[in-house]
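Down below is the structure, laid out as structure tokens.
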Amino acid sequence: MLNRRDFIGSIMLPAAALAAGLPARAGAASLSRPLPSGLADYPGTAEEVAQDENFWFEVQQSFTVDRSIMNLNNGGVCPAPAVVQNAMKRHLDFSNTAPAYVLWRVLEPQKESVRSALAMQWGVSPEEVAITRNASESLQICQLGIDLQRGDEVLTTTQDYGRMLTTFEQRARREGIVLKKVTIPIPCEDPALIVRTIAGAMTDKTRIILISHIINITGQVMPAREVVEMARARGVPVIIDGAHALAQIEFKISDLNCDYYGVSLHKWLFAPHGTGLLYVRRDKVRGLWPMMAAAETLDNDIRKFEEIGTHPAANFLAIAEALTFHQGIGGARKEARLRFLRNTWAERLIDAGKGRVRLHTSLDPKFSCAIGTVQVNGIDSLDLANHLWDKHKILTVAIKHEEFEGVRVTPCVYTTMQELDRFCGVMEGVIRDGIPV
């Protein structure tokens, strides 16, 4: 049987060939770009590097994105850099040499090193980290795995992610629990007001609180730790939707002192599509039911949340390359760059709007980062998003919420200043003349 070392050697270019810039073998040319070297030692503060186009040019070359379109909807899902794609393909090819042997005896055990690396990066124990397929799976494990009785109340906000609201709405229909949703200002620059609002809606029947760390439709950074502290004092656990926070803003999960935290790693960590993380505080593991059945012997084991049957190992193992890429850029630099890109287009459109442009996202760095949602008064946001795509191949997403509307714009580290300039030019034309008929 072909062993792993021989297999990898047969599909990978020698390091000397990569260093010499030789082309990849047929079929792999588009994924031959190596991870940029030396970025971790690049001089300057995070804010200085955020505006250094030489640094970000090197980062941009690590991606295989299609530049004939402008993807400003990275809030949906981010592309993985070439080094991550290569790793995933390598593991997948190896898996197919002898799946029953390779998947379970070779690759699955290697997932433990990925678990440990993720735990170390975000300041928690490996025994508190499950590797899942996305934030929805991570959060639904918590939402469905906590025992509730008829009449028990779950508290969240009107701006939390639709799929997570749907999960509790189904429990309400099926089990008779009560879902309560509070409203918060858009945007909100008073974290104490958010905490007071949630606290004020709690009753003696409140059993769970669900909040987003960063709200997906506005980019609002929520006072997650403060909500956790308030709720814990009343004996109520908090589930935090961290889909947009992890690897977008610099923090440690341990900083939040939370009970449950769910993430999609294919967003801001740039991991393979279909990868996620679930954090469960150690003393909460036993009391949380997995979404798919696990043996009783796993009751106190974080791995019970990974009992999903046969699944690809390649996606999960390539998370390691995504984490290394993130660390090479530096979390603080990445956060600063994402905020700089958002401010670049947002401030320009506000200046051009002459009162017609409303930003539903705070520009205060304490309350936002990459995501910005903009509304042009008198222009339907869905029509605007369609115009951007149909006429200019600029991908955004229209937000139609019961409390507001706008176009959500989310650039990424591979986005160039020239692309943002073109986006702003199109938007300025719409602000000035409306959408062309």
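For this chain, numbers begin at 1 and follow the sequence in order. Since the structure is predicted, the reported quantities are computational estimates derived from the model, not experimental observations.
Side-chain contact of Thr410 with Asn74: a donor-acceptor pair under 3.5 Å is absent, judged by distance alone. Side chains of Trp289 and Asp147: a donor on one and an acceptor on the other come within 3.5 Å. In summary, the side chains of Ser368 and Arg342 do present a donor paired with an acceptor at a separation below 3.5 Å, with no hydrogens or angles considered. A donor atom on one side chain and an acceptor atom on the other are found under 3.5 Å apart for Glu403 and Thr158.
Rounding to the nearest 0.5 Å places CD of Glu250 at 5.5 Å from NE2 of His326. If you take CD on Gln85 and CD on Glu321, they are separated by 12.0 Å, rounding to the nearest 0.5 Å. Atom CD1 of Ile194 sits about 11.0 Å away from atom CE of Met230, to the nearest 0.5 Å. If you take CD1 on Ile217 and OG on Ser212, they are separated by 8.5 Å, rounding to the nearest 0.5 Å. Interatomic distance, CZ of Arg339 versus CD of Glu47, reported as 8.5 Å (0.5 Å rounding). Atom CD1 of Ile184 and atom OG1 of Thr218 lie 7.0 Å apart (nearest 0.5 Å).
With sequence neighbours excluded, the residues forming a ring-ring contact (aromatic ring centres under 6.0 Å, His included) with His213 are Phe251, Tyr261, listed by chain and number. Residues that satisfy the salt bridge (Lys or Arg N to Asp or Glu O under 4.0 Å) test with Lys180, not counting sequence neighbours, are Glu153. Partners of Trp104 under the ring-ring contact (aromatic ring centres under 6.0 Å, His included) rule, at least two apart in sequence or in another chain, are His311. For Glu53, the side-chain hydrogen bond (donor to acceptor under 3.5 Å, both in side chains) partners at least two apart in sequence or on another chain are Arg337. Scanning for salt bridge (Lys or Arg N to Asp or Glu O under 4.0 Å) contacts around Asp283 gives Arg281, with sequence neighbours left out. Partners of Val397 by side-chain contact (heavy atoms from CB on, under 4.5 Å), not counting sequence neighbours, listed by chain and number: Asn73, Ile399, Arg408. For Arg234, the salt bridge (Lys or Arg N to Asp or Glu O under 4.0 Å) criterion is met by no residue, not counting sequence neighbours. Among residues two or more places apart in sequence or in another chain, the ring-ring contact (aromatic ring centres under 6.0 Å, His included) test is passed with Phe57 by none. Shown here are the ring-ring contact (aromatic ring centres under 6.0 Å, His included) partners of Tyr414, two or more places apart in sequence or in another chain: Phe63. With sequence neighbours excluded, the residues forming a salt bridge (Lys or Arg N to Asp or Glu O under 4.0 Å) with Glu127 are Arg303, listed by chain and number.
Annotation for Arg163: atom CZ does not count as buried by contact number, only 12 or fewer foreign heavy atoms lying within 6.0 Å. Atom NZ of Lys205 is surrounded by 12 or fewer heavy atoms from other residues, nucleotides or ligands within 6.0 Å. Residue Glu402 qualifies as enclosed at atom CD: its count of foreign heavy atoms under 6.0 Å is above 12. Annotation: Met417, atom CE; neighbour count of heavy atoms from other residues, nucleotides and ligands within 6.0 Å is above 12. The neighbour count for Gln327 CD, taken as heavy atoms of other residues, nucleotides or ligands under 6.0 Å away, is above 12.
Between Ile371 and Asn216, the closest side-chain pair of non-hydrogen atoms is not below 4.5 Å. Two residues are said to be in side-chain contact when any heavy atoms from C-beta on lie closer than 4.5 Å; Ile214 and Val221 meet this criterion. Residues Phe423 and Leu388 form a side-chain contact, since some pair of their non-hydrogen atoms from C-beta on lies under 4.5 Å apart. Within the 4.5 Å cutoff, side-chain heavy atoms of Thr415 are placed close to those of Leu420. The shortest side-chain heavy-atom distance between Lys304 and Val285 falls under the 4.5 Å cut-off. Cys142 places a side-chain heavy atom less than 4.5 Å from the side chain of Leu288. Between Cys188 and Phe367, every side-chain heavy-atom pair lies at or beyond the 4.5 Å cut-off. The shortest distance between side-chain heavy atoms of Ile177 and Arg207 does not fall below 4.5 Å.
In this structure, Val84 and Pro272 approach most closely via the heavy-atom pair CG1-CD, 3.6 Å. Considering every non-hydrogen atom in both Leu363 and Ala346, the closest pair reads CD2-CB, 4.2 Å. Across Ala271 and Ala80, no two heavy atoms sit closer than the pair O-CB, 4.2 Å. Scanning both residues, Cys78 and Phe270, for their nearest heavy atoms gives CB-CD2, 3.6 Å. The nearest pair of heavy atoms linking Ile211 to Ala224 is CD1-CA, 3.9 Å. A pairwise comparison of heavy atoms in Ile329 and Trp56 identifies CG2-CH2, 3.7 Å as the closest pair.
Glu189 places no side-chain N or O within donor-acceptor distance of the main-chain N or O of Ser362, the cut-off being under 3.5 Å. The backbone N or O of Gln143 lies less than 3.5 Å from a partner atom in the side chain of Arg171, making a donor-acceptor pair. Not one N or O on the side chain of Lys111 forms a donor-acceptor pair closer than 3.5 Å with the backbone of Ile131. Proximity of a side-chain donor or acceptor of His360 to a complementary backbone N or O of Glu405 within less than 3.5 Å is detected.
Salt bridge absent: Lys181 and Asp160 never bring a charged side-chain N and a carboxylate O closer than 4.0 Å. Taking a cutoff of 4.0 Å between a charged side-chain nitrogen and a carboxylate oxygen, Glu229 and Arg225 qualify as a salt bridge.
Among pairs with a residue in residues 129-140, those fulfilling salt bridge (Lys or Arg N to Asp or Glu O under 4.0 Å) read Arg133-Glu137, at least two apart in sequence or across chains. Applying the salt bridge (Lys or Arg N to Asp or Glu O under 4.0 Å) test to residues at least two apart or on different chains, none of the pairs has a partner in residues 212-224.
For the salt bridge (Lys or Arg N to Asp or Glu O under 4.0 Å) criterion with Arg115, the lone passing option out of Glu306, Glu128, Glu108 is Glu306.
Between Phe94 and His91, the ring center distance fails the sub-6.0 Å criterion.
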